[in-house]
*Asks:* 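Mind looking over this structure? Questions follow.
So that the names make sense, note that chain A is the first sequence line, chain B the second, and so on, each numbered from 1. Predicted model only: the values in this text are computed from it and were never measured.
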Amino acid sequence: MSGAAVPSRPSAGQRLLVTLEVFAAAMLVSAVVVALLGHDPFQTLAAIVAGAFGSQRAIDATLAESVPLVLAGLAVALPMRLGMFNVGAEGQLVLGGLAAGLAAAALPPAVAIPAAVLAAIVVGGAWGAIPGALRAWLGVHEVLSTILLNLIAAPLAALVIRQAWAAEGGQIPQSHVATATLSHLWPALAFGAVLALAYDLWLLRTRTGLAARAVGSAPRAAEVAGMRVSRGIFLAMTIAGAVAGLAGAQQVLDQHGRYVEGFSPGFGFTAIAVALLGRGSGLGVLLAAVAMGALRNGAFAMDALGVAPRESATIVQGVVILVAAVAAARDRSAT
Amino acid sequence: MIVELAAATLRVATPLLFASMGGVTSERAGVVNLGLEAYLLAGAFGAAAGTLATGSAVVGCVAGVAAASLVALVHGLICTKTRADHVVTGVALNLLADAATIAVLVSAYHKKGATPPFPPSTKEAISGAAVLGSPLTWIALLAVPLVAWFLARTKAGLRLRAVGENPECAESLGVNAARVRLGAVVAAGAITGLGGAFLALEAGSFSKHMAGGRGYLALAAVVIGKWRPGRVAIAAVAFAFLAALSDHLQLQFQMPDQVTQMLPYVVTLVVLSGLVGRARPPAALGRPLN
């Protein structure tokens, strides 16, 4: 899909305003949906906010939810800049996480983390390279191919982990405990923030960044101007896959200390909402990731209190995507 | 064994046929339909809810079609009244439908994974009606020539195709492109809803994520069949056969579950990769209306 959901004219201030507008509209629609499902929207909102920011522990948990969303969000945002829709972030991050978990469990502590990170980049990158190549050189629409690859990734991961499964008295297939883990959130959070800002810098200030934006806005013109569109598409999807893989690795190493089957509650799909809400900029993704992380974290708390089921968060997420898509289309017609 | 395999194929093919015919209807009018998964979910949930409420599978079917049509209506309105990207909205709708069905499941039935099963009398009625396969299977098979005939030989079908190829030209001839597209999407919802209803009736309840990727497989079938109902149906049945076959082989050869789960998708991917250069979609597919 050319153009996708990314405007290129409005100023940063205008963009922020539209983002807030999108968020507000989404909240409104979600309130209606929640009410229709028989729950009190105000109570729901209050519970979510309390659950997300109400205490130091809540804030920590919110940030913990946000970190993988920053990385996965970038994994959706980058291809979006080139006019592609990476629906495959979920599969990429699950397989990346799997690779990281297996590597970290099998190697001595000194090399465990770097090896795990490398493994995640390679495997995630490969899972992004497949649809990238299919789109770049065979014209297969990346939406269908990434969706299919997501559907392949889950049983594939299940197959692999069962071969390597050390049943440490658990019901859930998981790898051995990693020999070294990340003990704090801050390294990953800092890395995510740096990556997001570096992405912005690259996009706005480098020649290749400009080329990428050109491919997204006007692929045929870019081709005529001599840019290697196919190669760009392939690279973008591969890098996106690698970054998504890193998101998976972060979860595995940071949150759980090992690969656990089903560790991702749909980060890859929330990432779509993050990328759209963040309107394709690194800073936007960063902020949107925190917003969505807050939403998810708040929703868990809300579910635990019995106010409304946690799926309400996913519902809001879906509404956010819809509203953001409409807003983006409105921008496209205006520019 | 051949009979069993054939029966299994038809059973698996039923929802795929409904969904892919729905996909053809929508896409020939120019609306990329990634929402098929959502329509299936809505259809299945509606059918389960309707059957549980009244004990009648027929009412369930109607409820399923109604629910799916409603979801399709929302989808269609967004796609025709705004210039939002069809693909993004379809994906969003799938996420929404998945979450919403689970949310309603929890609120209305107080269960986390699936609705309560249908009462035994209803189940008996359902299997009793399945004389040579469920009546819905026969309807699904009939739907193929019906859709083909509709598109090729009726005025409404011609208008639909015209809007799918060149909406501006159709408008200049007095066709209301937005209304045609909306109608096509709602029809797609209704047809696909029957597929969803079949899923629920066959299983005797609704369980979460019931659509299981069938909506995407159906869309792949539409692409592979080059948007022509007959070929799309062949692709859908081929997928169904593949799934039934791998289930059977899995039992025979003790292969792990996951291999059978992956196989239809891997094959679909391979076929799509081999084909696509030569596929010509409706010219205005995915293009928003002015």
*Asks:* Can you tell which part of A:I152 gets under 4.5 Å to a heavy atom of chain B, answering side chain, backbone, both or neither?
*Replies:*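 Contact with chain B is through both the backbone and side chain of A:I152.
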*Asks:* Tell me, out of A:V87, A:L148, A:I321, who's got the most heavy-atom pairs with chain B below 4.5 Å.
*Replies:*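 Answer, by heavy-atom pair count under 4.5 Å with chain B: A:L148.
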*Asks:* So which of B:I102, B:V106, B:I78 has the biggest tally of heavy-atom pairs under 4.5 Å with chain A?
*Replies:*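 Between B:I102, B:V106, B:I78, the count favours B:I102.
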*Asks:* Quick one: what part of A:L134 sits under 4.5 Å from any heavy atom of chain B, side chain, backbone, both or neither?
*Replies:*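 Only the side chain of A:L134 comes within 4.5 Å of chain B.
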*Asks:* Taking side chain to side chain contact (heavy atoms under 4.5 Å, CB included) as the criterion, tell me which of B:L34, B:L269, B:L217 meets it with A:I147.
*Replies:*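 Of the listed residues B:L34, B:L269, B:L217, the side chain to side chain contact (heavy atoms under 4.5 Å, CB included) partner of A:I147 is B:L34.
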*Asks:* Please flag which part of B:T89 lies under 4.5 Å from any non-hydrogen atom of chain A: side chain, backbone, both or neither.
*Replies:*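 Contact with chain A is through both the backbone and side chain of B:T89.
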*Asks:* Does the side chain of A:T314 come within less than 4.5 Å of B:D98's, by heavy atoms?
*Replies:*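 The answer is no; the side chains never approach within 4.5 Å.
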*Asks:* Where do A:I315 and B:A103 come nearest, in terms of heavy atoms and distance?
*Replies:*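 Looking at all heavy atoms of both residues, the shortest contact is CD1-CB, 4.1 Å.
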*Asks:* Indicate yes or no: at least one non-hydrogen side-chain atom of B:M262 is less than 4.5 angstrom from one of A:L159.
*Replies:*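 B:M262 vs A:L159: side chains touch.
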*Asks:* State, to 0.1 Å, how close B:Q258 and A:A158 come at their nearest heavy-atom pair, and which atoms those are.
*Replies:*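 For B:Q258 and A:A158, the tightest heavy-atom pair comes out as CG-CB, 3.7 Å.
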*Asks:* Need one label for B:V266: side chain, backbone, both or neither, based on atoms under 4.5 Å from any heavy atom in chain A.
*Replies:*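 The answer is both parts of B:V266.
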*Asks:* For A:A325 and B:V88, work out which heavy atoms get closest and say how close.
*Replies:*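 The answer is CB-CG1, 3.9 Å.
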*Asks:* Show the nearest heavy-atom pair for residues B:A92 and A:G318, with the distance to one decimal.
*Replies:*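 Looking at all heavy atoms of both residues, the shortest contact is CB-O, 3.8 Å.
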*Asks:* Drop me the distance from A:N150's CG to B:Y265's OH, to the nearest 0.5 angstrom.
*Replies:*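 Here the rounded value is 11.0 Å.
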*Asks:* Which answer fits A:V319, side chain, backbone, both or neither, if we ask what part of it has an atom under 4.5 Å from a heavy atom of chain B?
*Replies:*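 Both parts, backbone and side chain.
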*Asks:* Output the distance between atom CG (B:L272) and atom CG (A:L138), rounded to the nearest 0.5 Å.
*Replies:*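 Answer for the CG-CG pair, B:L272 versus A:L138, is 11.0 Å.
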*Asks:* With chain B, which of A:L151, A:L322, A:L156, A:V326 has the greatest number of heavy-atom pairs at distances under 4.5 Å?
*Replies:*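 Heavy-atom pair counts peak at A:L151.
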*Asks:* Using a 6.0 Å cut-off, check whether atom CZ of B:R228 has over 12 heavy atoms from anything other than its own residue.
*Replies:*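 No, because the 6.0 Å sphere around CZ of B:R228 holds 12 heavy atoms or fewer from other groups.
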*Asks:* At a 4.5 Å cut-off on heavy atoms, which part of A:L144 comes close to chain B: side chain, backbone, both, or neither?
*Replies:*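 Side chain only.
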